[in-house]
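Worksheet for the structure shown next.
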Amino acid sequence: MTAPVAIRRLNAADADFAQHLDHLLSWESVSDDGVNGRVLDIIKAVRERGDAAVVEFTQRFDALDVASMADLILPRERLELALTRITAEQRQALETAAARVRSYHEKQKQDSWAYTEADGTVLGQKVTPLDRAGLYVPGGKASYPSSVLMNAIPAKVAGVPEVVMVVPTPRGEINEIVLAAAAIASVDRVFTIGGAQAVAALAYGTESVPPVDKIVGPGNIYVATAKRHVFGKVGIDMIAGPSEILVVCDGQTDPDWIAMDLFSQAEHDEDAQAILVSPDAAFLDKVAASIAKLLPSLERETIARTSIEGRGALILVEDMTQAIEVANRIAPEHLELSVENPEQYLPQIRHAGAIFMGRYTAEALGDYCAGPNHVLPTSGTARFSSPLGVYDFQKRSSIIHCSAAGASELGKIASVLARGESLTAHARSAEYRIKN
Ligand SMILES: NC(=O)c1ccc[n+]([C@@H]2O[C@H](COP(=O)([O-])OP(=O)(O)OC[C@H]3O[C@@H](n4cnc5c(N)ncnc54)[C@H](O)[C@@H]3O)[C@@H](O)[C@H]2O)c1
Ligand SMILES: N[C@H](CO)Cc1c[nH]c[nH+]1
Ligand SMILES: [Zn+2]
């Protein structure tokens, strides 16, 4: 007898479906005042007391018995050493994944451009990499070598000269594959710190941690909240919170596959969200049975169960058109289209961090090695955010180089508009260049 799993069932035909869906999608702790207050206190302490505060918070939150910041710095040689401590199979997998991620991201690289107008005026855009990028690699409940690759490779492809990584090592447990991934991805400096204190250190700098220009990478509620608060002092990529998966299935995929696809994200975090949408009620029952059968076999059963029971759902829809409407409403981090001919639905999909096409494309392949980035917008932010990419590490400057003739013509227009704004110094500056 398998233990029942209390996964929520919703029916899009119900009058109160929209209300239930909103409730399901709300990530309560995002706006939690308690978390906000704690994170603000941490940021303030790190700004005021630098390394000393980082060390104290690391002792408290990561249960690490360290005396000073020197114990939390890993030199490049330590990363190289990790390469010798992992198995040949692990190294091969990391290198293959890194190569695939690099090839994909090379395509995202933007180049500077310019064009010349008839009068000789040149207009263009100069693309420059950031000077220094900070990568947050999560490490509280699991270790993420794959996130090292996904964060660092686009930064290096963009040409960022200095890539600083932070990763918590709770109880001092260092994951050698994480460090090996950092070596493979050419990370320049690593600090074994995490949470809001690491974000604050990267944003404001401490005696040991250099201030960066932008902080990227996923993390838990403390990390996400801290990134929100330091935005403005530094750039951030997006708010990438607890993992999510939305599977849309026509009812023809093996229900065990779908159950495991849901677990693949549920096992990340109690707050992770795994949802299945299908127009086939009998199929939803089969997946519910697979969930109950397979959940006890998971190594991370407790986390996955909390996620599935607390934030998961099986949603019955009228047809595939309604399934796609629900998907767009949810704007999930990962959307699996486990259907025949997924291409037919692609034009209607407007909001999703990454779209996994067809029954064979398990979301897990994208997490590790397909090539596209796995740092993706969560909590509906795919409505306005994109996957982490090379473009996050490049910025643009406009180039304007007027010829004498061009300055004369533009000066006439600028003069009129400036006088319309009563900004006469602007007008006169432009007018000096007008040829009579
Ligand atoms: N969207 C993505 O691309 C992506 C990728 C990988 C992981 N994730 C998500 O990232 C998250 C990782 O979370 P995690 O917890 O494993 O690691 P984490 O590194 O994000 O957080 C661990 C840190 O949180 C801080 N912390 C913990 N409890 C605290 C408390 N009570 N007060 C203050 N600080 C506290 C500690 O400093 C600790 O070092 C998961 O939700 C996972 O789903 C997302
Ligand atoms: N699914 C995560 C992004 O939401 C990425 C990841 C890393 N390792 C396994 N999965
Ligand atoms: Zn994952």
Side-chain angles (χ1 to χ4, degrees), residues 27 29-30 32 34-43 45-46 53-54 56-64 72 97 135-151 165-173 175 177-178 181 191-201 216-227 237-245 260-274 300 303-304 307 311 332-334 336 353-354 356 362-370 372-379 381-382 385 387-388:
W27 180 30
S29 38
V30 165
D32 185 297
V35 172
N36 242 321
R38 252 169 286 159
V39 166
L40 282 172
D41 288 345
I42 293 171
I43 294 174
V46 172
V54 174
E56 276 170 36
F57 290 126
T58 304
Q59 288 166 340
R60 189 183 324 162
F61 297 127
D62 292 339
L64 253 180
L72 300 170
L135 316 182
Y136 189 92
V137 174
K141 293 177 186 149
S143 290
Y144 291 104
S146 53
S147 298
V148 177
L149 302 182
M150 297 291 177
N151 278 284
M165 173 177 135
V166 292
V167 57
T169 54
R171 296 163 302 282
E173 291 157 12
N175 182 304
I177 315 179
V178 165
F191 295 88
T192 54
I193 57 177
Q197 57 277 17
V199 173
V216 305
N220 66 10
I221 184 66
Y222 297 97
V223 173
T225 307
K227 278 173 72 179
D237 50 346
M238 68 186 91
I239 302 297
S243 306
E244 304 161 359
I245 183 168
M260 201 53 77
D261 293 355
L262 298 173
F263 294 153
S264 76
Q265 297 311 289
E267 75 171 347
H268 275 291
D269 194 325
E270 291 87 349
D271 281 343
Q273 184 153 62
R300 294 165 69 89
I303 293 179
S307 156
R311 301 203 68 215
E333 178 191 20
H334 307 106
E336 248 187 48
F356 298 77
E363 188 278 338
L365 304 180
D367 277 352
Y368 293 104
C369 52
N373 211 287
H374 82 199
V375 181
L376 298 163
T378 59
S379 306
T381 58
S385 287
L388 183 69

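Just so it is clear, the structure is predicted and the values come from calculations on it, not from any experiment. As the structure lists them, so they are numbered: ligands from 1, and atoms in each ligand from 1.
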- Among Ser379, Gly217, Pro218, which residue places a heavy atom closest to atom 6 (C) of ligand 1? Pro218
- Residue, atom and distance of the protein heavy atom nearest atom 37 (O) of ligand 1 read Gln197 NE2, 3.0 Å
- Below 3.5 angstrom, do we get any N/O pair linking Tyr136 and ligand 1? yes
- Message: Below a 4.0 angstrom heavy-atom separation, can you tell me which part of Leu376, side chain or backbone, both or neither, approaches ligand 1?
- Response: backbone
- For atom 9 (C) of ligand 1, grab the closest protein heavy atom and report residue, atom and distance to one decimal in Å. Gly241 O, 3.8 Å
- Nearest to atom 13 (O) of ligand 1, what protein heavy atom do you find, and at what distance? Asn220 CB, 3.5 Å
- Message: If you compare all heavy atoms of Gly353 against all heavy atoms of Pro387, which two are closest, and at what distance to 0.1 Å?
- Response: O-CG, 3.5 Å
- Message: Tell me whether Tyr144 has any N or O atom under 3.5 angstrom from an N or O of ligand 1.
- Response: no
- Where does Pro168 meet ligand 1, judged by heavy-atom distances below 4.0 Å: at the side chain, the backbone, both, or neither? side chain
- Mind checking whether Val223 has an N or O less than 3.5 Å away from an N or O of ligand 1? no
- Message: Any heavy-atom pair between the side chains of Asn151 and Met165 that's under 4.5 Å?
- Response: no
- If you count the atoms of ligand 1 from 1 in the order shown, which ones are under 4.0 Å from a heavy atom of His268? 43 (O)
- Query: Do Asp271 and Ile221 have side chains that get closer than 4.5 Å, going by heavy atoms?
  - Reply: no
- Task: Do me a favour and list the nearest non-hydrogen protein atom to atom 40 (C) of ligand 1 with residue, atom name and distance?
- Result: Asp269 OD2, 3.2 Å
- Message: Treating Ser243 as the side-chain partner and Gln265 as the backbone partner, does any N or O pair qualify as donor plus acceptor under 3.5 Å?
- Response: no
- Consider ligand 1: state whether an atom of it lies below 4.0 angstrom from any non-hydrogen atom of Gln265. no
- Looking only at protein heavy atoms, what sits closest to atom 1 (N) of ligand 1 is Glu333 OE2, 3.0 Å
- Can you list, by chain and residue number, the protein N, O or S atoms under 2.8 Å from the Zn ion (ligand 3)? His268 NE2, Asp367 OD2
- Worked check of side-chain contact (heavy atoms from CB on, under 4.5 Å) between Val216 and Val375: CA-CA 9 Å; Val216 305; Val375 181; over 6 Å; no
- Could a heavy atom of Gly139 be found less than 4.0 Å from some atom of ligand 1? yes
- Return a yes/no value for Pro138: is any of its N or O atoms, backbone included, closer than 3.5 angstrom to an N or O of ligand 1? no
- Query: With a 4.0 Å cut-off on heavy atoms, is Phe57 touching ligand 1?
  - Reply: no
- The closest protein heavy-atom partner of atom 35 (C) of ligand 1 is Tyr222 CD1, 3.5 Å
- Given that the side chain starts at C-beta and the backbone is N, CA, C, O, which of these parts of Met150 lies under 4.0 Å from ligand 1, counting heavy atoms, or is it both or neither? neither
- Task: Starting from atom 38 (C) of ligand 1, locate the nearest protein heavy atom and write down its residue, its atom name and how far away it is, to 0.1 Å.
- Result: Asp62 OD1, 3.2 Å
Could you tell me, for ligand 2, which of its N or O atoms are under 3.5 Å from any protein N or O, listing the pairs and their distances rounded to 0.1 Å?
residue  : atom   : partner : partner atom : Å
ligand 2 : 1 (N)  : Gln265  : OE1          : 2.7
ligand 2 : 1 (N)  : His268  : NE2          : 3.1
ligand 2 : 1 (N)  : Asp367  : OD1          : 3.0
ligand 2 : 1 (N)  : Asp367  : OD2          : 2.9
ligand 2 : 4 (O)  : Ser243  : OG           : 2.9
ligand 2 : 4 (O)  : Glu333  : OE1          : 3.2
ligand 2 : 4 (O)  : Glu333  : OE2          : 2.7
ligand 2 : 8 (N)  : Ser146  : OG           : 3.3
ligand 2 : 10 (N) : His268  : NE2          : 3.1
ligand 2 : 10 (N) : Asp367  : OD2          : 2.9

- Should Lys141 and Glu270 be marked as a salt bridge (Lys or Arg N to Asp or Glu O under 4.0 Å) after you check the CA-CA gap, both sets of side-chain angles, and the distance that decides it? CA-CA 10 Å; Lys141 293 177 186 149; Glu270 291 87 349; 3.2 Å; yes
- Task: Indicate yes or no: at least one non-hydrogen side-chain atom of Val166 is less than 4.5 angstrom from one of Phe191.
- Result: yes
- Task: Give yes if a backbone or side-chain nitrogen or oxygen of Lys141 is under 3.5 Å from a nitrogen or oxygen of ligand 1, and no if not.
- Result: yes
- Message: Tell me the protein heavy atom at minimum distance from atom 3 (O) of ligand 1, and give that distance in Å.
- Response: His374 O, 2.8 Å
